[in-house]
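Here is the structure we will look at.
All values below come from the heavy atoms of this structure, side chains included, with hydrogens, waters and symmetry mates left out.
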Amino acid sequence: MYQVLQPDGAVALPEVAQRYSPELLTRIYSEMAAGRALDRRVMALQRQGRMGTFAPMEGQEAVSVGSALALESEDWIFPSYREHSAVLGRGLPLEALLELYRGHGYANWDTRGLRIGLYTIPISTQLPHAVGQAYYGALSGDRNVTVAFFGDGATSASDFHSGMNFAGVWNLPVVFICSNNQYAISMPVSSQTGSQTLSQKAVAYGFEGIRVDGMDALAVHSTVAEAARKAREGGGPTLVEAVCYRFGPHATADDPGRYRSAEEERSWKALDPLIRMQAHLENLGAWDNQIEKEAVAEMEAAIDEVMARIEGRPPPPRSKTVTQVYERIPEALATQFRSSQEARDAEPVDLNSQLWRIGENTPPDPEPSERWNMAQALNAALGEAMERYPEAIILGEDVGRAGGVFRITEDLQVKYGAERVIDTPLCETGIVGAAIGMAIAGARPIVEIQFDGFVYNCFEQIATHLSRMRYRTQGGLDLPIVVRFPNGAGINAHEFHNESPEALFCHTPGLVVICPSTPTDAKGLLAAAIDSPDPVIFAEPKVLYRAGREPVPGGHYTIPIGRAATRRAGRDVTVVTYGGMVPVALRAAEQLESEVSVEVIDLRTLYPWDTAAVLSSVSRTGRLVVVQEPPHTAGMAAEISATVAEEAIYDLAAPVVRVTGFDAPLPPFAYESYGVLGTEDVIAGIMRTVAE
């Protein structure tokens, strides 16, 4: 284990220790002392009920301070949730940190300006973000280094693997710093790994791992400085395992006495990083008792000043709960808020100026058109986006040389290069996580998930980071990312290649969800999705990729997100559907033409869906059938039915009918048709509502 200072302050490596001036040593000690004062003061405030749950770093100050001081001002850091000295040392206002622990979120946490990622509670999930940011930074030509902090418990998580593996494959300037404080809450490090050290894990990813004494600030500082130098010069990533000890609880709700002995704690406290640094300064004749007193007094005075300012501050308006989820507020979300205000007899809030104004359906300018199928139209939209946005990046499995398994990205790597059309490792959570980091750095990523069933692997990145980043930063950070995947059944594919998970994303606030049904719509909606400042889930019905051709405008155009299309006008029944079920519904309507006049509405956007179009149609026909391919329970059909029941029940001449898949997985492909909706199912649903 690499060590510069022994526990008693004696020098273990004179050639390293002599590089440090008394001034720098004093600064390191002062920042560690200030960090400990912060810990103790905030712990006291928490016990007074003035702070929420807090994760102290006492004992780990050498890791936080030593690492941060080893970096240059333009370098990035992605913290976990215990690197208080690091984020403050990098310029985060103390007020922003204290507001976070008072439950006010990430106010004044300027991620892009400060180059500091948000604290990350789901462990290790920030590692792919750091990797994506580093990738785009290197692509943009800067020489910055990215540091990702995490604990020993995080080395067991899947995103530890994805972050490390992507960084190694791409040879990125990333320094991974593991604070091995011996425990993941109550679980000792022996419960996390069978290897002798955590640093040796780096070998499997193709780069260096270094084990350092994490109670020795000079060991940490010199190691991180060297790793950063190497990374800056193209030498790739490094994993630094800083062996340390968390003196206090995991967080204020934890009792470490339940899993640690007093004897163990005493043995580690003898290695205190502050005592060690003080002894070294004393050995140099550079110690002054005022160093610690001034650092502690300054921190405590700063905390008192901030607390005096923020404790009397009125809470933000309640409307903030809805105004920062999307760039503009969807009408449905605004309606929910207005209803809640009325129920509480609260003052009405005018949200009109912030509403999402859905554009009208206007045809694209007449241009030469091609007879394209959906796959070709999507390919054209991607190519136009790569031209339109120099910051656009396509990434996914097999999207480059192979052009994707459905050839949607065919020839794009040839045209735009392997650095912008990236064949990634086979790890969906890493792909989406890296895209998030790229977007934080200023890119406009377009992700392809190879098959619908694989999107479950990256659902955590989508639900905890992609969808919430704007909300968590109170509107300060947008992620213009499109996640595309082939969706649904109908091609007799093997299991997990025929899923319809769109309802999961509709239920996840912060996402836009789109599912086109024609080549023209696919091209225009994908262009609109790529333009969107909000993250978009773009579900492409694989059964329609090559189902037919139609004239598609060759130039750039967009179709408004949130606007449904009436595919067939009718008088007697409204059928609402989307994606691969649109042709099925149209065939049913055609077969019933002599008996029933059926209006078919294609939602196109599933969130926010076009409530007005559906309600308007139902008000004319008086009957509603909703068709969806996925299982019956809690899908779009249920949502549409409930909305019509709430908003237009007196317009209905008969109960709403849902025509859906079973609440069961699709059968194996040899008899997939047993579980897939057909024209006869839709006809039966229409006739059922007509018979009422």
Side-chain angles (χ1 to χ4, degrees), residues 2-5 9 11 13 15-39 57-80 82-94 97 114-117 130 143-150 173-179 210 212-232 238 240-244 272-281 284 286-288 291-292 294-296 298-299 302:
Y2 178 73
Q3 186 181 73
V4 177
L5 298 180
V11 174
L13 290 175
E15 66 276 16
V16 176
Q18 66 186 9
R19 302 175 196 160
Y20 291 86
S21 66
E23 292 77 17
L24 179 53
L25 294 171
T26 299
R27 181 180 177 187
I28 292 172
Y29 183 90
S30 295
E31 292 198 14
M32 289 197 298
R36 185 160 297 183
L38 169 78
D39 258 17
M57 65 175 178
E58 185 166 345
Q60 299 181 214
E61 296 90 349
V63 181
S64 197
V65 172
S67 300
L69 289 178
L71 302 176
E72 295 183 3
S73 60
E74 295 301 303
D75 293 337
W76 280 76
I77 68 169
F78 285 80
S80 182
R82 208 185 298 276
E83 289 73 37
H84 314 314
S85 288
V87 296
L88 293 175
R90 298 284 297 171
L92 184 77
L94 178 62
L97 186 66
L114 297 172
R115 302 194 165 205
I116 301 172
R143 296 182 62 255
N144 303 325
V145 170
T146 302
V147 168
F149 290 96
F150 51 97
V174 182
V175 181
F176 297 98
I177 300 177
C178 173
S179 296
I210 304 172
V212 305
D213 185 343
M215 311 296 270
D216 175 0
L218 299 192
V220 174
H221 183 277
S222 58
T223 299
V224 173
E226 173 59 22
R229 181 204 62 77
K230 183 182 74 172
R232 216 179 301 279
T238 302
V240 178
E241 177 191 359
V243 181
C244 56
D272 191 321
L274 272 73
I275 294 174
R276 189 180 308 200
M277 184 62 78
Q278 178 181 336
H280 180 54
L281 285 166
L284 293 175
W287 175 252
D288 183 340
I291 296 173
E292 182 170 17
E294 289 177 3
V296 171
E298 287 180 12
M299 177 57 74

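The two residues G35 and M57 make their nearest non-hydrogen contact at CA-CE, 3.4 Å. Looking at every heavy atom in both residues, S80 comes nearest to E83 through N-OE1, 2.8 Å. For the residue pair P93 and L114, the shortest heavy atom distance occurs at CD-CD1, 4.2 Å. Nearest heavy atom pair, residue A279 against residue G9, reads CB-CA, 3.9 Å. Across A295 and A33, no two heavy atoms sit closer than the pair CB-CB, 4.1 Å. Summarising the geometry of M32 relative to P273, their closest heavy-atom pair is CE-O, 3.8 Å, with the distance given to 0.1 Å.
Looking at heavy atoms from C-beta onward, S222 lies in side-chain contact with V4 at the 4.5 angstrom threshold. Using a 4.5 Å heavy-atom cutoff, the side chains of L97 and L92 are in contact. I177 is not listed as a side-chain neighbour of V220, based on a closest heavy-atom distance of 4.5 Å or more.
Ring centroids of H221 and Y20 are separated by less than 6.0 Å, placing the two rings close together.
Here R90 contributes atom CZ and I77 contributes atom CD1; the two are 6.0 Å apart, rounded to the nearest 0.5 Å. In this structure, I28 CD1 and L274 CG are separated by 11.5 Å, a value rounded to the nearest 0.5 Å. Of the inter-residue distances, the one linking D272 atom CG with R36 atom CZ reads 4.0 Å to the nearest 0.5 angstrom. Atom CG of L5 and atom CG of D213 lie 9.0 Å apart (nearest 0.5 Å). Atom CG of D216 sits about 8.0 Å away from atom OH of Y2, to the nearest 0.5 Å. Atom-to-atom distance recorded for M215:CE and Q3:CD is 11.5 Å, nearest 0.5 angstrom.
The salt bridge (Lys or Arg N to Asp or Glu O under 4.0 Å) analysis of residues 18-29, with sequence neighbours excluded, yields the pairs R27-E31.
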Quiz item: Can M277 and L25 be said to form a side chain to side chain contact (heavy atoms under 4.5 Å, CB included), step by step?
Solution: CA-CA 8 Å; M277 184 62 78; L25 294 171; 4.1 Å; yes
Quiz item: Could you walk me through whether V147 and D75 pass the side chain to side chain contact (heavy atoms under 4.5 Å, CB included) check?
Solution: CA-CA 8 Å; V147 168; D75 293 337; over 6 Å; no
Exercise. Carefully, step by step, assess V16 and L218 under the rule side chain to side chain contact (heavy atoms under 4.5 Å, CB included).
Key: CA-CA 8 Å; V16 176; L218 299 192; 5.7 Å; no
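For R232 (side chain) and R143 (main-chain N/O), a donor-acceptor pair under 3.5 Å exists by modelled atom type. Proximity of a side-chain donor or acceptor of Q278 to a complementary backbone N or O of R276 within less than 3.5 Å is not detected.
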Without placing hydrogens or testing angles, list every side-chain donor-acceptor pair under 3.5 Å for residues 64-74, not counting sequence neighbours.
{"unit_1": "S64", "atom_1": "OG", "unit_2": "A86", "atom_2": "N", "d": "2.9"}
{"unit_1": "S67", "atom_1": "OG", "unit_2": "V63", "atom_2": "O", "d": "2.7"}

